[in-house]
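To start, the structure under review is shown below, and the notes come after it.
This chain uses plain numbering: 1 for the first residue, then up along the sequence.
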Amino acid sequence: MLRGRARRGREAHAGTGDDPLDAAQERRVRAVLALGGVPQADLPDGVQQVRLRLLERAASGREAPRDVSAWAAVVASNLAMDWHRAKRRQERLGERLAALRQLEHPSGEDTSVLSLAVAQGLDELPDAQRQVVVLRFYADLPVRSIAEQLGVPEGTVKSRLHTAVRALRARLHEDEVV
């Protein structure tokens, strides 16, 4: 969950030669992430996220935090909360899909084929389209709420939904699922 942005952070940081976090600050960030429940495997990515945010802050022209160690700990704590939110979202989505499967189709084979085809279709959508489809049809949010949460006009949400649904429908027909 933390990997994509952390990778970009490493790439941006690779050419600078000086680490925005010293060893003690890095240990503190790791400890905050670990105590926040982030798995060991994701700790290096979390540390890189903190580095990335510090570098982004400097690149944007904002002044450095007065206490980098404290600032980094707060950012690490926020990342840990984000990790848990994302995990809960994934779990709720899985539960909701399982419940829908049971209600709509008693036949497990038909449901499995359809679920797999929809999941693959969602994976192929651009991020912005996938996001509005999930928020609209899986989180059951109205278009107005989606627009407010994403900070985009309602027309943009409707346009993304239309394009995404058309692409998913074409994918399902192409795969002869529906």
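Of the possible polar contacts, one joining the R130 side chain to the L122 backbone as a donor-acceptor pair under 3.5 Å is found. In terms of modelled atom types and a separation under 3.5 Å, the side chain of Q25 and the main chain of D22 share a donor-acceptor contact. No donor-acceptor distance shorter than 3.5 angstrom exists from the side chain of H84 to the backbone of L79, with no hydrogens or angles considered. Of the possible polar contacts, none joining the S145 side chain to the L141 backbone as a donor-acceptor pair under 3.5 Å is found. Proximity of a side-chain donor or acceptor of S60 to a complementary backbone N or O of R57 within less than 3.5 Å is detected.
L33 and M81 sit in two unconnected hydrophobic clusters of ILVMFWY residues. Membership requires side-chain heavy atoms under 4.5 Å apart, directly or through other members. Hydrophobic cluster membership differs between V38 and V32, with clusters built from Ile, Leu, Val, Met, Phe, Trp and Tyr side chains linked at under 4.5 angstrom.
Note that the CZ atom of R85 and the CG atom of N78 stand 7.5 Å from one another [nearest 0.5 Å]. Rounded to the nearest 0.5 angstrom, K158 NZ and T163 OG1 are separated by 14.0 Å. To the nearest 0.5 Å, the span separating CD on E174 from CZ on R169 amounts to 14.5 Å. With rounding to the nearest 0.5 angstrom, the CG atom of L55 is 8.5 Å from the CG atom of D19. Between Q129 atom CD and R166 atom CZ the span is 9.0 Å, to the nearest 0.5 Å.
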*asked:* Between E148 and E154, is the side chain to side chain contact (heavy atoms under 4.5 Å, CB included) condition met? List the steps.
replied: CA-CA 8 Å; E148 289 171 2; E154 286 182 46; over 6 Å; no

*Given the rule in the side chain to side chain contact (heavy atoms under 4.5 Å, CB included) test, do L43 and V29 qualify, once you have shown the distances and angles that lead to the verdict?*
CA-CA 9 Å; L43 292 181; V29 165; over 6 Å; no

*Residue pair L135, Q131: steps toward the side chain to side chain contact (heavy atoms under 4.5 Å, CB included) verdict*: CA-CA 6 Å; L135 291 173; Q131 183 179 36; 4.0 Å; yes

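Closest approach of W83 and G37 over heavy atoms only: CZ3-O, 3.6 Å. Nearest heavy-atom pair, V50 versus W71, reported as atom, atom and distance to 0.1 Å: O-CZ3, 4.1 Å. Of all heavy-atom pairs spanning V68 and L21, the tightest one is CG1-CD2, 4.3 Å. Here the shortest heavy-atom pairing between V152 and V157 reads CG2-CG2, 3.6 Å. Smallest separation of non-hydrogen atoms from R28 and S69: NH1-OG, 2.8 Å.
Contact annotation: the side chain of V132 approaches that of L150 to within less than 4.5 Å [non-hydrogen atoms, C-beta and beyond]. Residues P44 and R30 form a side-chain contact, since some pair of their non-hydrogen atoms from C-beta on lies under 4.5 Å apart. Side chains of P65 and L54 form a contact here, defined as non-hydrogen atoms less than 4.5 Å apart.
The local environment of CD in E63 is sparse, with at most 12 non-hydrogen atoms from other residues, nucleotides or ligands closer than 6.0 Å.
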